[in-house]
Amino acid sequence: MKIHHLNCGTDCPVGGALFDGKSAGPLATLVCHCLLIETDAHGLVLVDTGYGLRDVANPHGGRSERLPRPWRVMLNIRLRERETAIRQVEALGYHARDVSHIVVTHLDFDHAGGLEDFPHATVHVMQREYDDAAGPHRGFVARHRWRRPQFDDVRDWRRYGARGEGWYGFDAVRDLDGLPPEILMVPLPGHTWGHAGVAVRRDDGRWLLHAGDAYFYRGEMRRARRRCTPGLRAYQRLMESDATSRLTNQARLRALSIERRDEVSIACAHDPVELAHCQAGHPL
Ligand SMILES: [Zn+2]
């Protein structure tokens with residue numbers, strides 16, 4: 001299996017290094033790190049989709065609003081057609097129909113925007129995430145984070161309960177419908193109740209865990225003491241559905257990233273430095 005690391009969306013919130021820990025100017029750069037996996041017998045598999053063509057074409061607009069206005073402003077979202085997953089799939093010489101499966105870590109607006117650009121794909125998600133995203137929604141964040149217009153045209157869902165076999169101390173859902181056993185969902189509730197990571201076994205036997213929004217900053221992994229910028233600390237708190245499970249799962253991931261560094265690489269959805277490392281083929 002060949003794994004491509006794509007950036008399918010860029011956010012530039014005011015705050016610079018207070019968010020991303022590295023920008024010299026007033027604006028930070030955050031990415032939407034998605035995976036495109038070329039499998040031997042199961043077509044192309046996407047992990048998360050970032051923003052999609054319809055977000056780029058029509059981000060606003062009444063009831064069909066695809067991106068939540070307060071977040072468009074807060075994150076200073078840059079919508080670029082060339083960054084959409086579909087355009088990057090095409091740039092690699094494939095067509096939308098070649099993407100047979102999409103596994104989503106969760107259905108927030110910055111992860112689900114490209115789902116409808118792949119009408120032939122089966123979409124895999126935790127049942128709890130689907131239920132919460134479908135609504136009804138209570139509270140300011142819940143009313144904005146999930147955008148029905150981004151996923152109401154999806155025809156083929158596969159939804160999963162939280163129980164499964166063990167994977168490095170986590171419960172993992174194996175046997176995703178139609179996918180090889182090298183691709184697993186690893187429930188990591190906290191950011192949302194139905195949030196999950198996606199583990200992919202590479203040809204060299206090592207695992208890559210796409211941890212979605214289980215953490216946001218590279219300094220939160222691979223070191224005994226968590227380090228996170230103030231901007232991303234605050235953002236994680238704003239967006240969490242449950243603080244205790246978020247912090248517990250994050251600590252478990254941190255321990256895994258240290259104790260099993262030779263076996264498991266962990267990357268989150270929004271850190272630009274992690275993405276650059278992955279794209280360059282450097283170890284995290
Ligand atoms: Zn996100």
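All ligand and atom numbering here is 1-based and tracks the order in the structure. All values below were derived from every heavy atom in this structure, side-chain atoms included, with hydrogens, water molecules and symmetry-related copies excluded.
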> Between the Zn ion (ligand 1) and Cys32, is there an N, O or S atom separated by less than 2.8 Å?
Replying inline: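 No, Cys32 does not qualify, because none of its backbone or side-chain N, O or S atoms lies under 2.8 Å.
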> Is it true that atom CZ of Arg97 has more than 12 heavy atoms of other residues, nucleotides or ligands lying nearer than 6.0 Å?
Replying inline: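 Counting neighbours around CZ of Arg97, 12 or fewer heavy atoms of other residues, nucleotides or ligands fall under 6.0 Å, so no.
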> Among Val198, Leu35, Ile37, which one satisfies side-chain contact (heavy atoms from CB on, under 4.5 Å) with Val45?
Replying inline: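 The single option meeting the side-chain contact (heavy atoms from CB on, under 4.5 Å) with Val45 is Ile37.
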>> If only side-chain N and O atoms count, and only distance matters, is there a donor-acceptor pair under 3.5 Å linking Thr29 with Asp20?
In response: no
Can you tell me the N, O or S atom of [X] that's nearest the Zn ion (ligand 1)?
{"X": "His270", "answer": "NE2"}
{"X": "Asp213", "answer": "OD2"}
{"X": "Asp110", "answer": "OD2"}

>> Side-chain heavy atoms under 4.5 Å apart, restricted to Ile/Leu/Val/Met/Phe/Trp/Tyr: what other residues fall into the cluster of Tyr94, or is it alone?
In response: Leu6, Leu36, Leu44, Leu46, Leu53, Ile86, Val89, Leu92, Val99, Ile102, Val104, Leu107, Leu115, Phe118, Val123, Val125, Tyr130, Trp146, Phe151, Val154, Trp157
